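FYI, the numbering just counts along the sequence from 1. Keep in mind that what you see is a predicted model, and the values were worked out from it rather than measured.
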Amino acid sequence: MSFRPLHDRVLVRRVTAEEKTAGGIIIPDTAKEKPQEGEVISVGSGTLNDKGELRALDVKAGDRILFGKWSGTEVKLNGEELLIMKESDIMGILEGSAAAKKAA
């Protein structure tokens with residue numbers, strides 16, 4: 001099954017939470033906070049401006065983003081937990097971090 005968000009909505013996969021602190025202490029599941037960083041999986045077509053013209057979204061599939069702690073709605077698609085949020089819930093795009101993570 002494929003899923004395409006509508007209008008200004010974005011489908012996001014959260015990055016995995018760190019299992020250990022920098023000092024090597026293992027963090028139990030109950031103490032972990034959900035990450036506020038994710039990867040855009042798909043985006044909607046955009047929003048209409050005052051003139052009725054379609055304005056494309058600033059984010060695209062594959063972008064690494066930061067979003068608010070309580071942003072989006074959690075959904076389960078194909079057994080995977082994802083988030084659907086509006087573009088306005090996204091605080092910014094992390095540039096260069098995706099390439100650095102893949103190289104590591």
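- Annotation for V59 and D63: closest pair CA-OD2, 3.5 Å, computed over non-hydrogen atoms.
- The CG atom of D89 sits 9.5 Å away from atom CZ of R9, with the distance rounded to the nearest 0.5 Å.
- Side chains of R64 and V15 form a contact here, defined as non-hydrogen atoms less than 4.5 Å apart.
- In this structure, F3 and S42 approach most closely via the heavy-atom pair O-OG, 3.4 Å.
- When side chains are defined from C-beta on, I90 does not count as touching D58, because their heavy atoms never get closer than 4.5 Å.
- Applying the side-chain hydrogen bond (donor to acceptor under 3.5 Å, both in side chains) rule to E81 yields no partners; only residues at least two apart in sequence or on another chain are considered.
- Counting only residues at least two apart or in different chains, salt bridge (charged side-chain N to carboxylate O under 4.0 Å, His left out) contacts with residues 40-54 are absent.
- Note that the CG atom of L82 and the CZ atom of R14 stand 10.5 Å from one another [nearest 0.5 Å].
- Residues L11 and P5 share a closest heavy-atom pair of N-CG, 3.9 Å.
- In this structure E39 satisfies the side-chain hydrogen bond (donor to acceptor under 3.5 Å, both in side chains) test with no other residue, sequence neighbours excluded.
- Checking each of D8, T73, L57 against K86 for a side chain to side chain contact (heavy atoms under 4.5 Å, CB included) leaves exactly one that passes, namely D8.
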(request) Apply side chain to side chain contact (heavy atoms under 4.5 Å, CB included) to L48 and L54, showing your working. (result) CA-CA 5 Å; L48 295 176; L54 191 65; 4.1 Å; yes
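- For the atom pair CE of M91 and CG of L66, the computed distance is 6.5 Å after rounding to the nearest 0.5 Å.
- To the nearest 0.5 Å, the span separating CD on E37 from CZ on R13 amounts to 13.5 Å.
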